[in-house]
Amino acid sequence: MDNLAIARVLAEIGDLLEIKGENPFKIRAYRNAAETASHLAERLADLTPPQRLAIPGIGKDLAAKIGTLIETGSIAYHQELLQEFPASILDLLHLQGVGPKTAALLYRELGIRTLDDLEAAITQGRLRGVKGIGEKKAGQILRAIGERAQVAGRRLMAEATETADPLLAALRAHAPDGDISLVGSLRRGCETTGDLDIVAGGAPPSVIDAFTGYDQVERVLAHGATKSSVLLRGGFQADLRLVARESLGAARQYFTGSKAHNIALRDRALQRGFKLNEYGLYRLEDDAAVAGADEEGIYRALGLAPIPAELRENRGEIEAAEQGTLPVLVTAADLRGDLHMHTTATDGRADIETMARVARDLGHRYIAITDHSQALAMANGLDERAALAHAARIRSVNERVEGITVLAGIECDIRADGTMDLADECLAQLDVVVASVHSAFTQEPEQMTERILRALECPWVDILAHPTGRLLLRREGFRYDMERVFAAAAERGVAIEINSQVDRLDLRDTQARLARDRGVTLIIDSDAHSPAALRNQRWGVAVARRAWLTAADVLNTRTLDELRPLLRRHRAAGSRR
DNA sequence: GCCGTTTTCGGCCCGACTGTTTTCAGTCG
């Protein structure tokens with residue numbers, strides 16, 4: 001049983017407890033544990049019971065329940081709750097405007113178990129007379145049922161940013177003296193996001209009207225004096241919060257989250273005799289404002305170094321901020337090159353020279369052209385002969401393009417048995433070899449582990465690319481023993497990629513952090529298939545920052561002179577990094 | 001259900017908006 005399956009059960013228990021009206025803190029404990037489980041880099045099933053107990057937010061009871069779940073596939077407590085409430089009523093909770101109380105009421109009063117039941121009940125007027133539900137509420141629910149497919153779902157970080165940028169520009173144009181900025185999960189650099197959160201400080205009240213009147217707004221969900229929510233065309237929700245300038249830092253802190261970070265921070269505030277809300281940090285004894293205009297002041301007043309938004313997940317950043325050990329996170333400006341991209345030789349859209357010029361204009365000092373190997377026949381993958389001919393063309397581009405060094409590489413398939421798709425003699429003649437899995441994703445974890453380990457044994461492999469093969473919102477990655485692969489990569493000096501394609505971002509944040517902790521060097525590559533996609537490294541940088549990586553942890557922050565000796569072909573046989 | 005250099009019991013983050021209400025519960029973030 002994997003972490004996501006465990007997380008789903010724990011989250012479902014949380015939902016069921018909420019419908020039941022249980023202690024809110026007990027509910028939070030289950031949800032908190034679900035959140036933790038879903039982001040944990042190590043597999044819970046691979047941990048010993050004491051190791052599970054050591055995870056923050058998992059105590060004796062939850063550790064035991066998780067153990068039972070792993071061993072038997074279910075938790076009795078969960079099954080008992082499902083006896084009280086059918087699992088299908090949890091769908092009701094996802095409707096805008098329907099929470100646990102309403103769901104419980106509908107089930108108890110009218111026996112409503114499914115969305116279809118609810119829709120029928122409303123259209124038949126059976127909700128009339130139910131306490132707390134009037135005409136408007138019923139209409140709202142009916143609309144939510146109709147819109148659920150459209151509204152449901154998260155967006156990729158890149159897509160959400162594309163939606164946010166023009167909206168921010170429109171608000172800034174309306175309120176040029178205001179300070180208007182993106183907060184929420186997008187500011188934290190999360191790989192996907194459920195909505196857009198915007199904070200405006202020192203802007204006129206009319207900015208709210210500019211927001212609800214934005215031309216991409218499909219429907220206004222809420223419209224107050226300081227807070228407003230809209231549904232944008234395409235079904236993406238955006239929230240705007242207007243605060244006074246002296247509260248801007250507090251509002252940005254509050255709405256950037258994460259929820260777990262904020263709870264921990266406010267707990268810390270209380271312990272130190274303060275109250276923290278979206279307006280500021282106040283002394284409990286006399287309500288005097290201590291900080292609020294900027295985020296830094298709030299963190300400092302709480303005895304913390306300012307915490308970068310990407311780290312605010314309550315995964316150790318508060319302790320590190322207290323001890324002054326926060327990492328200096330890698331930035332896009334630290335990147336000097338890009339070692340994974342494609343051209344028209346296989347499935348890219350531009351030729352070598354175009355890619356080189358665009359990369360140079362982006363500020364890169366070196367790139368590697370790494371087209372596909374023969375196994376990817378549908379992408380016109382290259383065989384040994386074609387790969388070497390392509391390498392010659394790549395190297396010749398250096399004579400025509402100034403200001404950047406173009407390395408001849410390959411993205412070589414790791415075949416199902418772990419052998420490389422091109423012969424060693426060919427790989428040995430290239431400058432860089434990127435190895436990837438593109439087939440047989442469904443191998444058992446044991447087999448996949450052996451497959452990747454075998455690939456890392458090939459002395460010419462420099463980089464393991466998109467190491468889980470996941471596609472965000474579409475496909476889970478393949479499973480294998482990451483600890484063993486990380487250990488082998490660290491031992492052999494193979495870099496592991498954070499792939500910056502908008503729907504890959506693979507490795508993910510927590511896994512990249514674990515890899516680094518195990519001594520692996522990471523690399524942030526674009527895997528660009530077009531010149532425009534070379535800019536995608538910014539998304540990979542966001543993941544790297546969420547993984548606590550510094551420039552020193554990332555291979556392509558090195559100069560070319562520093563990089564070359566780190567490639568395996570340039571290392572003395574048997575030597576390690 | 002978790003957690004503890006003021007606690008092994010008694011805490012646990014905080015406020016805006018809406019709809020159904022005559023003072024507030026529910027939802028949301």
Side-chain angles (χ1 to χ4, degrees), chain A residues 10 13-14 17-19 21-36 52-66 75 77 92-106 127-141 144 151 183-186 193-199 208 212 220-231 237-243 247 250-251 253-282 284 302 314 322:
Chain A
L10 296 174
I13 293 174
L17 290 174
E18 193 172 35
I19 289 175
E22 264 279 6
N23 175 359
F25 300 104
K26 183 171 172 180
I27 296 165
R28 184 200 290 172
Y30 276 96
R31 290 187 171 156
N32 186 23
E35 183 74 11
T36 300
R52 288 181 204 135
L53 195 55
I55 298 169
I58 296 186
K60 233 173 128 181
D61 183 273
L62 277 170
K65 286 196 170 87
I66 290 169
I75 297 174
Y77 188 47
L92 307 185
L93 290 181
H94 298 135
L95 297 172
Q96 178 99 37
V98 177
K101 297 287 195 285
T102 309
L105 183 73
L106 292 169
L127 259 57
R128 261 176 228 128
V130 175
K131 191 172 59 116
I133 301 181
E135 280 300 318
K136 270 194 155 170
K137 189 80 185 173
Q140 185 189 55
I141 295 172
V151 177
V183 288
S185 56
L186 203 47
T193 185
D195 61 8
L196 299 179
D197 295 299
I198 298 169
V199 165
I208 297 271
T212 56
V220 177
L221 299 171
H223 189 160
T226 66
K227 183 184 167 184
S228 189
S229 297
V230 299
L231 190 63
Q237 184 175 327
D239 300 329
L240 173 68
R241 193 61 181 260
L242 175 62
V243 296
S247 292
Q253 194 290 314
Y254 180 83
F255 291 104
T256 295
S258 66
K259 185 173 251 187
H261 176 85
N262 282 357
I263 288 175
L265 204 63
R266 252 171 274 167
D267 186 46
R268 183 181 178 90
L270 283 177
Q271 283 173 20
R272 290 166 180 250
F274 299 114
K275 183 179 78 163
L276 179 61
N277 60 27
E278 61 260 57
Y279 299 106
L281 182 69
Y282 303 92
L284 280 176
L302 292 173
N314 198 23
E322 181 171 49

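A, B, ... follow the sequence lines: proteins, then strands. Residue 1 opens every chain. Treat the numbers as computed from the prediction; the structure is a model and nothing was measured.
Among B:dT27, B:dG15, B:dC17, the nucleotide with an atom closest to any side-chain atom of A:A222 is B:dC17. Among B:dC12, B:dG29, B:dT27, the nucleotide with an atom closest to any side-chain atom of A:Q237 is B:dG29. The listed nucleotides are B:dG29, B:dG15, B:dT18; the one nearest the side chain of A:Y279 is B:dG15. Checking B:dG26, B:dC14, B:dC12 against the side-chain heavy atoms of A:F25 singles out B:dC12 as nearest. For A:Q96, whose side chain is taken as the heavy atoms from C-beta onward, the closest listed nucleotide among B:dT27, B:dT20, B:dC28 is B:dC28. Taking the side chain of A:K137 as heavy atoms from C-beta on, and the options B:dT20, B:dC12, B:dC2, the nearest nucleotide is B:dT20.
For A:N23 and B:dG1, a side-chain-to-base donor-acceptor distance below 3.5 Å is present, hydrogens and geometry of angles not being considered. Between the side chain of A:Y254 and the base of B:dG15, no donor-acceptor pair under 3.5 Å is found.
Heavy atoms of A:K131 sit nowhere under 4.0 angstrom from any nucleic acid atom. Residue contacts for A:L276: at a heavy-atom cut-off of 4.0 Å it reaches the sugar-phosphate backbone alone, with no base atom in range. Residue A:R241 is classed as a sugar-phosphate contact, given heavy-atom separations below 4.0 Å to backbone atoms only. Residue contacts shown for A:A225 are limited to sugar-phosphate atoms, with no base heavy atom under 4.0 Å away. Residue A:E135 is in sugar-phosphate contact alone, with no base atom involved, counting any heavy-atom pair closer than 4.0 Å across all strands shown. Counting any heavy atom pair closer than 4.0 Å across all strands shown, A:D61 reaches sugar-phosphate atoms only and no base atom. Among the atoms of the strands shown, only primed sugar atoms or phosphate atoms (P, OP1, OP2) are found under 4.0 Å from some heavy atom of A:P56.
Residue A:K136 contributes atom NZ, which lies 16 Å from atom C1' of B:dG26 at whole-angstrom precision. With rounding to whole Å, A:F255 atom CZ is found 14 Å from B:dC14 atom P. As a whole-Å value, the separation of A:L221 CG from B:dT27 P is 16 Å. Spacing between atom CG of A:L270 and atom P of B:dC3 amounts to 18 Å, rounded to whole angstrom units. Rounded to whole angstrom, the span from the CD atom of A:E22 across to the C1' atom of B:dG1 amounts to 10 Å. Atom CG of A:L93 and atom P of B:dG26 are 14 Å apart (whole Å). To the nearest angstrom, C1' of B:dC3 lies 16 Å from CZ of A:R268. A straight line from NZ of A:K101 to P of B:dT20 spans 18 Å, rounded to a whole angstrom.
Atom-to-atom distance recorded for A:F255:CZ and A:L240:CG is 10.0 Å, nearest 0.5 angstrom. Here the straight-line distance linking atom CG of A:L10 with atom CD1 of A:I75 works out to 5.5 Å at 0.5 Å rounding. Note: A:S185 OG to A:L196 CG = 8.5 Å, rounded to the nearest 0.5 Å.
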A:I263 vs A:N32, side-chain contact (heavy atoms from CB on, under 4.5 Å): CA-CA, chis, key distance, verdict: CA-CA 11 Å; A:I263 288 175; A:N32 186 23; over 6 Å; no

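Atom CZ of A:R272 has more than 12 heavy atoms from other residues, nucleotides or ligands within 6.0 Å.
Here A:K275 reaches the OP1 or OP2 of B:dG15: one of its side-chain N or O atoms lies under 4.0 Å away. In this model, the phosphate group of B:dC17 is approached by a side-chain N or O of A:T226 to a distance below 4.0 Å at OP1 or OP2. OP1 or OP2 of B:dA16 has not a single side-chain nitrogen or oxygen of A:K227 nearer than 4.0 Å. Regarding contacts with the backbone of B:dT27, a side-chain N or O of A:T102 is found under 4.0 angstrom from either OP1 or OP2. Within the structure, a side-chain polar atom (N or O) of A:K65 is placed less than 4.0 Å from OP1 or OP2 of B:dG1.
For B:dG15 and B:dT8, the C1' atoms lie 33 Å apart once the distance is rounded to whole Å. Only the C1' atoms considered, B:dA16 is 26 Å distant from B:dG11, to the nearest whole Å.
Where A:A63 and A:G134 each meet DNA chain B at their nearest nucleotide, the meeting point lying more 5' is that of A:A63. When the nearest nucleotides of DNA chain B are assigned to A:Q271 and A:H94 by heavy-atom distance, the more 5′-ward of the two goes with A:Q271.
The two residues A:A138 and A:L127 make their nearest non-hydrogen contact at CB-CD2, 4.4 Å.
Between A:E35 and A:K259, no side-chain nitrogen of the basic residue sits less than 4.0 Å from a carboxylate oxygen of the acidic one, so the salt-bridge criterion is not met.
The nucleotide B:dT8 finds no pairing partner, because no Watson-Crick or G-U wobble arrangement with both distances shorter than 3.5 Å includes it.
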